[in-house]
Amino acid sequence: MELSPKLAAKFEQLQGRYPVKRSALIPMLMYAQDEYGYVTDEMVEEIARRLELRTVQVEETLAFYSMLHRKPIGKHHVQVCTNVACMLRGGNELLEHAKKRLEIGHKETTPDGMFSLEEVECIGACTGAPAIQVNYDFYENLTVRSFDRILEELDKGKKPAPVPVITGALHERNKLETPLISKKWGIKDSHKIDVALQHGAYQALEKALKQMEAGQIIDEVKKSNLRGRGGAGFPTGMKWSFVPKDSPKPKYVICNADESEPGTCKDRPLMEMDPHQLIEGIIIAGRAIDAHHGFIYIRGEYRYVLDIVDVAIEEAYSRGYLGKNILGSGFDFDLVIHTGAGAYECGEESALMESLEGKRGNPRIKPPFPAVVGLYGCPTIINNVETLSSVPSIILEGGEAYANRGTPKNGGTRLLCVAGHVNKPGIYEIPLGMNMKKFIEEVAGGVRGGS
Ligand SMILES: Cc1cc2nc3c(=O)[nH]c(=O)nc-3n(C[C@H](O)[C@H](O)[C@H](O)COP(=O)(O)O)c2cc1C
């Protein structure tokens, strides 16, 4: 099959990225779909051939993912979120309006092929509810009128400006906030390496590589009382210490950027506005467990965020923070960002690893746990974006100081996403232990309508 030069180059890049070929499957399908509008029969055969799979293996995998289509959809695929935060702010009304205006229902396409419509689960835009996505573009804080304007412009062949990238998540800081991992938010071009370096990026990495042994890094993280920010709250230092030191197999670090839990939209701005903090945290984690490869698994809906992080990874390579002999320390580390394709379940760590291996996102039976048998059957630590973004601060200020910001059993600060019926929806960084009523009333502006 003849591919466009752009797609052929992307395929080559993806095929060379992974220790196991099949891992490239889902990203290849996503990028092929971007070009053809859906996954064609010829494309299934082409990808199967390139990855040495049977076509049925490609078919059964792609059928699992909601963002992959085997039939043409509209040129503009309008996805209306009706999950909790959007529902509380008019998402259902917006969906009903969209159905009437486009004269189509859920998963249908207009006869001219211009628009298709889909009611979707949480897209990670909760503080901008009600929100929609058109193809990969986010539009937030919508009304029926602003929704109509977007459709009118698209109809005329124009592209309405999506949510401002980089500043989309910003709101006024509250005096009760204690910005630590969000401290670069709002600084112009904070995602770019030169700006990040001016604000202290990669100093923790330098310290970790030049002044600390792997065991000391783990001890410092243990002292910090950092607990996983992905939901289960497992102590991070303890998780890292479970990785067997004597294993002859390669070890891996995975950053879980699947962020699909309704109401959760904090990893998106962390990656948008401070990708270097995350990259730094991942490399330090790699150093702590003696891993030399890392992956960021990002939900398919966050394509523009993937592009930002991808550029940041390239910048880090070009300045010697990734790759061989980092900062002259003798430590090597490679990092890849990998797209999901629409599957809530892939946020669960074992399903995520299946997906990263190019399979359906079915959870694995535990034990064994990933620290011992993880990606490709090798020892793996998997942590959330916010967890890994907290690591540079811990290394710089010390575990104890970090721990003292929070409660005795849960150190540091947290990003809280508050959306729905509050006066000031937003993503606020507060010390752990703040009273929730105080938070809602004094930080989030109280419940709407004085309730
Ligand atoms: C159904 C389900 C969905 C999950 N989704 C996410 C997710 O989107 N992001 C995330 O970081 N963790 C998610 N988790 C938790 C992960 O399985 C895992 O505990 C986490 O990535 C570990 O990182 P942490 O220790 O830094 O929290 C999910 C768990 C379940 C059971």
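Whatever order the structure lists ligands and atoms in, that order sets their numbers, starting from 1.
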For atom 21 (O) of ligand 1, the protein heavy atom that lies nearest, with its residue and separation: N256 ND2, 2.9 Å
Does any donor atom in the side chain of S389 or R229 lie under 3.5 Å from an acceptor atom in the other side chain? no
Go through the side-chain N and O atoms of Y304 and D137 and say whether any donor and acceptor fall under 3.5 Å apart. no
Donor-acceptor side-chain pairing of Q33 and H69 below 3.5 angstrom: no
Go through ligand 1 atom by atom and flag the ones less than 4.0 Å from a non-hydrogen atom of S260. 8 (O)
Starting from atom 13 (C) of ligand 1, locate the nearest protein heavy atom and write down its residue, its atom name and how far away it is, to 0.1 Å. G347 O, 3.1 Å
Checking the N or O distance criterion of under 3.5 Å, is ligand 1 in contact with G230? yes
Given R299, E345, R229, E348, which has its nearest heavy atom closest to atom 3 (C) of ligand 1? E348
Atom 11 (O) of ligand 1: closest protein heavy atom, distance to 0.1 Å, is N384 ND2, 2.8 Å
Within a distance under 4.0 Å of any heavy atom of D258, pick out the atoms of ligand 1 and give their elements. 8 (O)
Please state which protein non-hydrogen atom is closest to atom 8 (O) of ligand 1 and give its distance, to 0.1 Å? E259 N, 3.2 Å
Begin with the C-alpha distance, continue with both residues' side-chain angles, and end with the deciding distance and a verdict on side-chain contact (heavy atoms from CB on, under 4.5 Å) for L270 and I181. CA-CA 8 Å; L270 270 176; I181 54 172; 4.2 Å; yes
Parallel, tilted or perpendicular: which describes the rings of Y321 and Y202, with under 30° parallel and over 60° perpendicular? parallel
Do the side chain of S355 and the main chain of A351 share a donor and acceptor less than 3.5 angstrom apart? no
H338 and Y18: aromatic ring centres closer than 6.0 Å? yes
How does T387 reach ligand 1, if at all, at less than 4.0 Å between non-hydrogen atoms: by side chain, backbone, both, or neither? side chain
protein heavy-atom neighbour closest to atom 25 (O) of ligand 1 works out as K239 NZ, 2.9 Å
At what distance is the nearest protein heavy atom to atom 1 (C) of ligand 1, and which residue and atom is it? Y344 CE2, 3.7 Å
Taking the six-membered ring of Y65 as reference, does the cationic atom of R299 (NZ for Lys, CZ for Arg) lie under 6.0 Å from its centre and within 45° of its axis? no
Parallel under 30°, tilted from 30 to 60°, perpendicular over 60°: which one fits the rings of Y428 and H171? tilted
Closest approach of any protein heavy atom to atom 17 (O) of ligand 1, naming residue and atom: E349 N, 2.9 Å
Can you name the atoms of ligand 1, numbered from 1 with element, that are less than 4.0 Å from a heavy atom of I382? 22 (C), 23 (O)
